[in-house]
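One structure is given below, encoded as structure tokens.
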Amino acid sequence: MNDTTTSRNDDSTPSAAVRDWLLDTDPALRWQVERDITRAPGETWQATRSRVATEGFGARLLAEQDADGQWAGGAYFPAGYFGSPEADEPGQPWTATTWALKDLREWGLDAEVLEGTAEKLAANSRWEYENLPYWGGEVDVCINAFTLATGAWLGADVSQLAAWFPAHRLADGGWNCEAEEGNSTRSSFHSTLNAVRGMLAYEKITGDASLRDARHGGEEYLLSRQLMYRESTGERVGEFIDQFIYPDRYRYSALAALDHFRDACRHEETPPDPRLAEAVDVVRGERQPNGTWLQDGRMPGRVWFDIDVAPGQPSPWLTLFGTRVLDWWDHET
């Protein structure tokens with residue numbers, strides 16, 4: 001969307017031009033626009049959501065699945081990655097099983113389309129870390145969070161993995177991917193957000209609220225820091241706070257965190273916490289005069305195909321997230 005002449009709205013309501021632009025997108029995004037922005041009837045957005053399996057991003061990614069249930073021959077990394085020249089490049093590939101399933105789940109694919117995948121992964125997929133079985137997870141909290149949510153979605157038995165989260169929560173309330181290697185005793189914004197996202201998805205899919213206390217503790221870790229600040233110094237925790245990207249993979253931002261809190265509050269039917277206000281101001285401040293949000297960058301590494309715009313361009317995905325966060329905040333506070 002290149003028209004920057006539209007006057008900026010004073011509230012969270014997108015212009016007709018922005019709504020039309022958001023609707024002219026892949027089914028993986030469009031159904032969420034219909035549900036969250038245009039408030040289309042359920043039968044409308046559900047019909048669009050059903051097209052994820054047969055059109056656009058969803059269909060393209062489904063076509064890349066291997067016969068053994070995996071993508072790119074690996075759990076978290078593609079087969080042959082370690083020891084290859086690619087392993088010396090910045091970032092990592094985003095083509096292996098965990099990333100493919102995370103995308104398909106978040107795009108709204110019906111799990112029935114992947115019938116048999118959970119069983120195939122149980123039989124054929126092992127983590128690159130110590131050859132552990134796929135549905136048991138490993139030691140990285142972010143990986144375990146993705147696997148918990150995806151396992152619940154596909155109907156795998158992830159009960160043992162669910163118990164991992166409260167057992168590995170750190171003393172300050174959150175989680176850190178470096179903790180299991182003994183490299184940190186303090187929680188990470190990135191790791192904690194991924195953990196609470198995974199636990200919320202698990203609860204929503206299964207109806208099992210046994211992780212709610214642990215999730216609330218992780219959310220409190222972020223809320224006590226207003227989603228942005230170091231507790232020790234009061235400074236912003238990093239430049240990533242207002243650097244919005246899609247797909248964000250595992251990366252934290254104020255926008256990603258607020259989208260989680262919106263989801264959690266709607267699920268539990270609770271009002272927004274006032275401590276979110278400064279992060280909301282950051283998101284509002286990044287909105288462009290025409291009502292869109294720009295892509296700030298890309299996570300380096302190989303992908304199957306691009307699913308959003310180049311850096312510096314108006315991003316339909318980020319505009320969806322930003323618009324629905326502000327709409328929620330402005331109408332619920």
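Under the 3.5 Å distance criterion, the side-chain polar atoms of Trp153 are matched with a main-chain donor or acceptor of Leu109. A side-chain donor-acceptor contact under 3.5 Å links Arg30 to the backbone of Leu23. For the pair Asn194 (side chain) and Ala145 (backbone), a donor-acceptor distance under 3.5 Å is absent. Proximity of a side-chain donor or acceptor of Trp293 to a complementary backbone N or O of Val283 within less than 3.5 Å is detected. Side chain of Lys102 to backbone of Arg249: a donor-acceptor contact under 3.5 angstrom is found.
In the displayed structure, Glu64 atom CD is contacted under 6.0 Å by more than 12 heavy atoms of other residues, nucleotides or ligands. In Arg266, the CZ atom is not crowded: 12 or fewer heavy atoms of neighbouring residues, nucleotides or ligands sit closer than 6.0 Å. Counting non-hydrogen atoms of other residues, nucleotides and ligands closer than 6.0 Å to CG of Asp24 gives a total of 12 or fewer.
Side-chain atoms of Glu86 and Pro93, non-hydrogen and from C-beta on, do get closer than 4.5 Å to each other. At a threshold of 4.5 Å between non-hydrogen side-chain atoms, the residues Leu294 and Leu318 do not count as touching. Side-chain atoms of Trp329 and Arg284, non-hydrogen and from C-beta on, do get closer than 4.5 Å to each other.
Between Tyr76 and Phe146, the distance separating the two ring centers is not shorter than 6.0 angstrom.
In this structure, Gln32 CD and Trp107 CH2 are separated by 11.0 Å, a value rounded to the nearest 0.5 Å. Separating the CG atom in Leu29 from the CD1 atom in Ile307 is a distance of 10.0 Å, to the nearest 0.5 Å. The CE atom of Met199 lies 10.0 Å from the NE2 atom of His216; values are rounded to the nearest 0.5 Å. Lys204 contributes atom NZ, which lies 11.0 Å from atom CD of Glu268 (distance to the nearest 0.5 angstrom). The CG atom of Asp248 lies 8.5 Å from the CG atom of Leu255; values are rounded to the nearest 0.5 Å. With rounding to the nearest 0.5 angstrom, the OG1 atom of Thr97 is 12.0 Å from the CH2 atom of Trp99.
Listed by first and then second residue, the side chain to side chain donor-acceptor pair (under 3.5 Å) pairs involving residues 134-149 are Thr98-Tyr134 (not counting sequence neighbours). Within the structure, side chain to side chain donor-acceptor pair (under 3.5 Å) contacts touching residues 109-122 (residues at least two apart or in different chains) are Gln65-Thr117.
Looking at Tyr252, Trp175, Tyr229 one by one, the single match for ring-ring contact (aromatic ring centres under 6.0 Å, His included) with Phe189 turns out to be Tyr252.
In this structure, Trp164 and His168 have parallel ring planes: the angle between them is below the 30° cut-off, well short of the 60° mark. Note on ring orientation: taking the six-membered ring where Trp is involved, the planes of Tyr250 and Trp94 are tilted (angle from 30° to 60°).
For the residue pair Asp172 / Tyr221, no side-chain donor-acceptor distance below 3.5 Å is found, with atom types taken as modelled. Remark: the Glu34 side chain and the Thr44 side chain contain no N/O donor-acceptor pair separated by less than 3.5 Å. If you check the side chains of Asp68 and Gln70, you find a donor sitting under 3.5 Å from an acceptor.
With sequence neighbours left out, Ser159 forms a side-chain hydrogen bond (donor to acceptor under 3.5 Å, both in side chains) with Asp157. For Gln226, the side-chain hydrogen bond (donor to acceptor under 3.5 Å, both in side chains) test picks out Glu278, with sequence neighbours left out. Here Gln295 pairs with Asp308 under the side-chain hydrogen bond (donor to acceptor under 3.5 Å, both in side chains) rule; sequence neighbours left out.
Taking a cutoff of 4.0 Å between a charged side-chain nitrogen and a carboxylate oxygen, Asp296 and Arg251 do not qualify as a salt bridge. Using a cut-off of 4.0 Å between Lys/Arg side-chain N and Asp/Glu carboxylate O, Arg186 and Glu231 are scored as not salt-bridged. A salt bridge links Arg262 to Asp36: one of the charged nitrogens lies within less than 4.0 Å of a carboxylate oxygen.
Nearest heavy atom pair, residue Thr206 against residue Tyr202, reads OG1-O, 2.7 Å.
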Donor-acceptor pairs under 3.5 Å, side chain of residues 49-58 to any protein atom, not counting sequence neighbours: which ones?
| residue | atom | partner | partner atom | Å |
| --- | --- | --- | --- | --- |
| Arg49 | NE | Gly108 | O | 2.9 |
| Ser50 | OG | Ala47 | O | 2.6 |
| Arg51 | NE | Glu55 | OE1 | 3.3 |
| Arg51 | NE | Glu55 | OE2 | 3.0 |
| Arg51 | NH2 | Glu55 | OE1 | 3.0 |
| Thr54 | OG1 | Arg51 | O | 3.4 |

